[in-house]
J.: 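Quick one: this structure, given as structure tokens, is what I'll be asking you about.
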Number of protein chains: 2
Amino acid sequence: MSDVKRVYTFGDGKAEGKADMKNLLGGKGANLAEMNLIGVPVPAGFTITTEVCTEYNAKGKDAVVALMKDEVEAGVAATEKAMNAKFDAKNGEFPLLVSVRSGARASMPGMMNTVLNLGMNDETVKIIAEKSGNAKFAYDSYRRFIHMYGDVVMGVEAEEGHHNPFEVVLDKLKEEKGYKVDTELTVDDLKDLVELYKAVVREHAGVDFPTNPWDQLWGSVCAVFDSWNTERAILYRRMENIPSEWGTAVNVQAMVYGNMGESSATGVCFSRDAATGEDQFNGEYLINAQGEDVVAGVRTPLEITTIGSKRWAERNGTTEEARTANFLSMEEAMPELYNELNTIQQKLEDHYHDMQDMEFTVQDSKLWMLQTRNGKRTGAAMVKMAVDMLAEGMIDEKTAILRMEPNKLDELLHPVFEASAIEAAKELSKGLPASPGAATGQIVFSATAAEEWAAEGKKVILVRRETSPEDLKGMYAAEGILTERGGMTSHAAVVARGMGKCCISSAAGVLVTGKSMTINGVEYKEGDFISLNGTTGKVYDGKVATITPSLDGDFGKLMDLAEKSSRMYVRTNADTPADAKTAREFGAKGIGLCRTEHMFFEGDKIWKMREMILAENVEGRKAALAKLLPVQREDFSGILEAMDGFGVTIRLLDPPLHEFTPNDEASQKEMAEKLGIDVSIVKAKVESLHEFNPMLGHRGCRLGNTYPEITEMQARAIIEAACDLKAKGKDPKPEIMVPLIGTMKEFKMQEILIRETAAAVFAEKGVKVDFLVGTMIEIPRAALTADQIAEHAEFFSFGTNDLTQMGFGYSRDDAGKFLPIYIEKGILKHDPFQVLDQEGIGQLVEMGTQKGRATNPELKVGICGEHGGEPSSVEFCHRTGMDYVSCSPFRVPIARLAAAQANLR
Amino acid sequence: MSDVKRVYTFGDGKAEGKADMKNLLGGKGANLAEMNLIGVPVPAGFTITTEVCTEYNAKGKDAVVALMKDEVEAGVAATEKAMNAKFDAKNGEFPLLVSVRSGARASMPGMMNTVLNLGMNDETVKIIAEKSGNAKFAYDSYRRFIHMYGDVVMGVEAEEGHHNPFEVVLDKLKEEKGYKVDTELTVDDLKDLVELYKAVVREHAGVDFPTNPWDQLWGSVCAVFDSWNTERAILYRRMENIPSEWGTAVNVQAMVYGNMGESSATGVCFSRDAATGEDQFNGEYLINAQGEDVVAGVRTPLEITTIGSKRWAERNGTTEEARTANFLSMEEAMPELYNELNTIQQKLEDHYHDMQDMEFTVQDSKLWMLQTRNGKRTGAAMVKMAVDMLAEGMIDEKTAILRMEPNKLDELLHPVFEASAIEAAKELSKGLPASPGAATGQIVFSATAAEEWAAEGKKVILVRRETSPEDLKGMYAAEGILTERGGMTSHAAVVARGMGKCCISSAAGVLVTGKSMTINGVEYKEGDFISLNGTTGKVYDGKVATITPSLDGDFGKLMDLAEKSSRMYVRTNADTPADAKTAREFGAKGIGLCRTEHMFFEGDKIWKMREMILAENVEGRKAALAKLLPVQREDFSGILEAMDGFGVTIRLLDPPLHEFTPNDEASQKEMAEKLGIDVSIVKAKVESLHEFNPMLGHRGCRLGNTYPEITEMQARAIIEAACDLKAKGKDPKPEIMVPLIGTMKEFKMQEILIRETAAAVFAEKGVKVDFLVGTMIEIPRAALTADQIAEHAEFFSFGTNDLTQMGFGYSRDDAGKFLPIYIEKGILKHDPFQVLDQEGIGQLVEMGTQKGRATNPELKVGICGEHGGEPSSVEFCHRTGMDYVSCSPFRVPIARLAAAQANLR
């Protein structure tokens, strides 16, 4: 096996590996090689291949160490040469310290071991102390190395019920000296600690801490290989289906230091502005400092560019004199190094065709790049950069679209907090980010109050235990909604997302009682100010200034690009003409789900509905329904007109009837009085409507099939509205959707009724309109028998909310008790109500689509569950061959982008 | 098209058609032909083919009448000859009257038209009056014919909002005469009615009633063809997927009359005894009577055989003298005709290889067979006949098994009412037949009372609003159970079936309050007698004598045959050693489902369970579980020992924890006192455990994965019990079943825990037992991802109850509101909780089995839902390739028979 290459070196602009050797070198090793090859100065080192790991597991430690010994020594020698330093330095030679890190093909976060500062011993620490002029840093690094090595390689750890022995020693010393924090330790303290730590190693491991760097190196390399087979790593791989044969690579890389004096420095920089997207190199640096100093905030980091420095001075009211005296940019202070860095950042951006986020260190006037990666950015910057880079010719249209993170468009569509204001704000609680955006206003505790205060021009936050359909108008009037209870798909969450209104649900520590609330014990009254960030779920005290973003030309360009690149189109879920209009402005081409039941809660419609429910026979129900007919017709007319020319899918009555009857005694009395009947009748009706599992009860088409007169009234209202609009020269396109179908006959019976009703209306009005009759596929059995259903249905709309509930057997309202634990334990990757479970529920969606199209090739197929606005789910819908996705109005741009990405992939 | 044959005649021992020409002649036409061919005297006639119907629809009435005219006339002539009668009889010729009936390939009950007594007119009625000596009969038939013909052929029917015009005329006449019932009408009245009816036809149809029999015939034939395309027939075919091209045949057949004087008679007879199975020809007849007289009970019908007549006399205390004077058998009264009939019945039984139920008429000393079909029989007769016929060599083993109706075995396994006693009993109410058998006893209203009274030797019926696990012992003590509420799968129903105990649920009009109940307003108190028939759901007043059936040798022979003929084996669902023993006696080979949660309700175990639920942290739960461990171990030991040598599938804790906590205030207080805590803590816990849809909530493996310590305790109890038994020389075979799995990882986590626990127990005990770890497939997603789950699971058991709930989206507890309506409207053929929905849910079962076996060919697969004891579902399980089915103990013989039938088909 002498021709097997086990070690790949990199450094000095050369590398034996390259980017596409990820399987052999691991992700990290392949990238380090690539950086070298494009001429970026990266600290030198070498990678031991993943194949060696497999060999190690098969043949054992000693055999494999012997096999790779020569190559590893050659690797160290090459690193020494590239770094002009000496491993196991003696007599004042500059010591080469290295890091030893794992690097597997697949990420296994937190599973594998790392050793830093390897090469430290009683000799080298002195040289580093001297060369850096920073003895405290040198000895602190040394004692940390002993701790890390003792832990990772020598197995020195806390025994059960005891503290970590290194920490015991440290705490004891601090107590003796009266120190509170580690930074109070003096050089002498640190020297003492080094000796104490060595004694800990001796006592716990039974052998001395190895001072020979070669021993340290072999120990660390083997420890990384060993960590591949720890119990938790094996369990992790079993759970994640990562083959054991893959193994891990080991990266040994020289360490560099920015705190070696005034000719050293460290910093982070970005090739463009991550906040605005402006094409301006920028970043921060510190002379004679370590990387952590830049981010720790102990010293104020300086700007890298002069233009950045001047802008900073202006913002802070610093004079140019003071600036040049104390806050020189790197461009001014280290012009040659700055020029080198500037060239490199351009090279990296050109190489990766994207904005780069880089870390660098200058050690003794020599620039080293430690890391580069595509930089994180705000939603606005994301859009601007993509449009700019497309104009610059750096990327093509496909790349511009594919690079977008669709969810980030949210930031462009909703208010956000001012950056400075939010830094100063006091966080009170964190809940579920139920609907994105920022809002600030005065607390009100009822929908009525919200309407009244808003009418007076006040901005209000509606705070409720949970919301119900009766709160709709108050929710409209409020800036944001906060609820004590409920999940991501609670009433408040779904409705708020539909309105594009900020909402936080299940906020921790919030207790609402009447006209007051406590947050972790502190009382808040009506009129007090609070602020909500619905994107993060955070609740803040008092007012926090918000910015309302404006959609600029770049957004429009991007949406046009998306339009051009999509196969699917996007509809919206909307129950009101206002929502329909908003969505149309965002590019929605029709309505995928109009929920008729929401309409019954407006004004006094609820009373007509309740009258219908209380009716004792079909005649009584028909009489009550006759009163509902004109108001329903008006509802549908508004929606159809707002979406004129586009299809409008109207779902027939879906919820169980008990959702329309009151549960508390007072409301029952009110109902009895209003309807002129005895309260005992109301109570008996409410009791008879009670269900053990309402989710699986008497609802959807089961109502329509047991009370056909309801379906008839709704069908009549829809068709009459459409006929009247057509008579006025409009182009209404109603699509009547029968909910909760589980069998072909259930659909068939409703379809016949709808078509007969439509024929009657056409005859009465002397006008005809085209309309479709279709169904939701939301019950597993409907997907399984979709071939039969499609013989009669003209369209399918997948109701993936209910399909997920029934396919998983999870009640949305109750899953909060175990879903978070399931996600924490890795049983589920995502909440399946937010991200469609493609593996399981997705099979039902594919099956439903394929079977449906098998008997009806013309079948129109879409999705109207919450997943219709979630990018990975939209991509799945595209692959499944759907015609459209439908989502709440403010998710429309996101879905359009995701649809384009899906088509381009 | 002159070579197309459109009419097939039959009669006089000849026929142009035969049994296998059903597609052309329809079912009825093919059978009439077949009867002739085997030499049975059947009234002659002819069949117009289904192809003519299609031709009729394509070419229209006139064209097709012309095409078939010659053949129809020839058919009438052949019929006249065979019957020695004359169509359109004149001058005293004996008139040929015919029936005209539809006869499609597929049954379309109630959809198609029929005309009887065709050929009646002012001439023929006189001849019939004269020949029969029964003018009232003749004119009554005539006026009925005008009504029927007017309705079916001439479209004379009630206008909207009015009564039927024929009935108006009849009612008016009766009012004038002061008659209450039709039988009071005199011959003259009937003659008047004939004229009045003719006037009705003239007025409503605008033409005269056709007196020419040929006009009547063509009108009727065309009316039958027309009825193929009525709106309701088209709708019915669309719903039932019957192709329109099939068409219907038309059967024209001579009518014969048993009331033509003393040489005429009519009767029904059976080739063997339908009640006992005895090989004894038997039946009843009446001289000078119509068929309806035999069944109407106006005249007492006489026995056909002399032996039957003598037995009847003995039962009724009639002397032989009186018998021979007034009650002669047909064998004695009409010996020649009797001999002919006896020969025919033997011929028919030989031909059809089964007991025949026949109708016959003697018209003027000539015997005509009107109908023969396989006779209905009791369960005991079914078994005896099959075993006898097998011994006689009439049928083979396969036929003997296949002829069984498995559900009828129930009658052999449960008490039944004495026939004479039940005739006299007063029916009080009808409920759901929740568990079969008959019971009689004194009412008690609590489980405690049931136990106490039974201990005193009294027989009791336990009456409850609904039962809960706390009622178990009382249910054991009672003869039967009656509940006000609950469905076929309510607690009471499931448990009673398990015990083989009679149970009626949701009894109409029953209201239970404390120690009293009313049935439709009548009060029943503790100690009053009632009787229940759990097979029919009927509740009777007072004591009704029951017979306890004994399983005789025939039953054993049949079960041995079934055993020999099966591929699948049968297990039982049992939670107690007693149930396990019963099932083993019925031939169960192991337990397919042992529900551990039922055990928690016995004695004071519930308190340990509640202590566990109230524990605030894992330590508290572990402490409480430690107390449950020994009692669980004892439970499992008993079950494993009772099924020694057979596999015992033990399901880990399944129901949500709130099923173990009390909901009423008093019990909550008791719980608080018992556990020494404040009642507010109990209430808070109960509230926090509340779920909106408990069916889809925190239960099954979701408990085991969030509280692994519960799984650990149960696994330990099972394995410890098995080890202890093995040490005693027994052969325990535990199979641990994880419930409610939806994802592979959920199972994997539980499996690892169970195996680790088992390994620990083996080490502690120094004993090892073989065991399996598997799962229930009861969540749709589990079936969809069965390939992944089977990588780790050793067996699957389909929990088709929950799979049906989630696959259909039907809550068992709530579906009572719409399921009956769905079945009534034909949306569903069966209650899917009783009969497995093969079309939809069956796909999930097949998918789960195939996918599971694809990754694990050794996978053991069974079913443990209620469907495991339902014959058509058992057959489906066989086809799917399952290894076994599991059902409640008293269904085991039924399942064994069904398994054999499935294998033989």
Side-chain angles (χ1 to χ4, degrees), chain A residues 235 238-239 656 688-700 702-703 705-706 740 742-746 748-749 752 778-785 788 802-815 817-818 821-822 825-828 832 837 839-844 847, chain B residues 235 238-239 656 688-700 702-703 705-706 740 742-746 748-749 752 778-785 788 802-815 817-818 821-822 825-828 832 837 839-844 847:
Chain A
L235 187 62
R238 276 167 88 179
M239 300 293 288
S688 84
L689 290 175
H690 170 264
E691 293 184 313
F692 294 95
N693 295 288
M695 178 58 222
L696 308 175
H698 196 185
R699 50 177 283 244
R702 297 165 199 171
L703 289 172
N705 272 317
T706 48
L740 217 69
T743 76
M744 180 270 282
K745 288 188 183 172
E746 273 179 311
K748 187 70 204 152
M749 287 208 167
I752 289 172
E778 54 189 330
I779 284 192
R781 197 185 185 281
L784 293 162
T785 58
Q788 296 177 19
D802 275 10
L803 203 57
T804 299
Q805 292 202 86
M806 294 180 215
F808 266 99
Y810 291 169
S811 158
R812 274 192 303 198
D813 297 319
D814 303 308
K817 297 217 175 84
F818 56 87
I821 301 172
Y822 267 32
K825 288 196 176 186
I827 293 176
L828 293 173
D837 163 51
E839 198 172 53
I841 307 306
Q843 285 189 49
L844 291 173
M847 199 181 291
Chain B
L235 187 62
R238 274 166 90 180
M239 298 294 289
S688 83
L689 289 175
H690 171 264
E691 293 182 314
F692 295 96
N693 295 289
M695 179 59 223
L696 308 175
H698 196 183
R699 50 178 282 243
R702 298 166 198 171
L703 288 171
N705 272 317
T706 49
L740 216 69
T743 77
M744 180 269 281
K745 287 187 185 173
E746 273 179 311
K748 186 73 205 152
M749 286 208 168
I752 290 171
E778 53 189 328
I779 285 192
R781 195 184 187 282
L784 293 163
T785 59
Q788 296 176 19
D802 275 9
L803 203 57
T804 300
Q805 292 201 86
M806 293 180 215
F808 267 99
Y810 291 169
S811 159
R812 273 193 304 198
D813 297 318
D814 303 308
K817 298 219 175 81
F818 55 88
I821 301 173
Y822 266 33
K825 290 197 176 185
I827 294 176
L828 293 173
D837 162 52
E839 199 172 51
I841 306 307
Q843 285 189 48
L844 290 173
M847 199 182 295

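FYI, side chains are in, hydrogens and waters are out, and symmetry mates aren't considered; it's all heavy atoms of this structure. The chains referred to below are lettered A, B, ... by the order of the sequence lines, with proteins before strands, and numbering in each begins at 1.
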J.: Quick one, B/Phe818 with A/Leu703, criterion side chain to side chain contact (heavy atoms under 4.5 Å, CB included). Give me CA distance, side-chain angles, the key distance, then yes/no.
T.: CA-CA 8 Å; B/Phe818 55 88; A/Leu703 289 172; over 6 Å; no
J.: Contact part of B/Leu828 toward chain A, heavy-atom cut-off under 4.5 Å: side chain, backbone, both or neither?
T.: side chain
J.: In Å and rounded to the nearest 0.5 Å, what is the NZ to CD distance from B/Lys817 to A/Glu691?
T.: 4.5 Å
J.: Could you check which of B/Pro780, B/Ser688, B/Ala783, B/Ala782 has the highest count of heavy-atom pairs closer than 4.5 Å to chain A?
T.: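 Highest number of pairs under 4.5 Å: B/Pro780.
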J.: Determine the minimum heavy-atom distance between A/Ser811 and B/Asn693, stating which atoms define it.
T.: OG-ND2, 3.3 Å
J.: What's the separation between atom OH in B/Tyr822 and atom CG in A/Asn705, rounded to the nearest 0.5 Å?
T.: 4.5 Å
J.: By salt bridge (charged side-chain N to carboxylate O under 4.0 Å, His left out), which residues pair with B/Arg781, not counting sequence neighbours?
T.: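 Testing B/Arg781 for salt bridge (charged side-chain N to carboxylate O under 4.0 Å, His left out), a comparison that skips the adjacent residues, returns A/Asp837, A/Glu839.
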J.: B/Ala815, B/Gly809, B/Gly742: which one forms the most heavy-atom pairs within less than 4.5 Å of chain A?
T.: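 Among the listed options, the one with the most contacts to chain A is B/Gly809.
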J.: Kindly compute the distance separating CD1 (A/Ile779) from OH (B/Tyr810), expressed to the nearest 0.5 Å.
T.: 7.0 Å
J.: How long is the span from the NE2 atom in A/His690 to the CG atom in B/Asp814, to the nearest 0.5 Å?
T.: 8.0 Å
J.: So, taking the atom named CG in A/Leu696 and the one named CE in B/Met695, what distance separates them when rounded to the nearest 0.5 Å?
T.: 7.0 Å
J.: If we define contacts as heavy-atom pairs under 4.5 Å, which of B/Thr706, B/Ile841, B/Asp802, B/Leu740 has the most with chain A?
T.: B/Thr706
J.: Report which part of B/Leu689 has an atom under 4.5 Å of a heavy atom belonging to chain A: side chain, backbone, both, or neither.
T.: backbone
J.: Side chain, backbone, both or neither: which part of B/Gln788 has a heavy atom under 4.5 Å from chain A?
T.: side chain
J.: From B/Lys745 NZ over to A/Ile827 CD1, what is the distance, rounded to the nearest 0.5 angstrom?
T.: 9.0 Å
J.: So which heavy atom on B/Pro694 is nearest to which on A/Phe692, and how close?
T.: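 Taking B/Pro694 first and A/Phe692 second, the nearest heavy atoms are CD-O, 3.4 Å.
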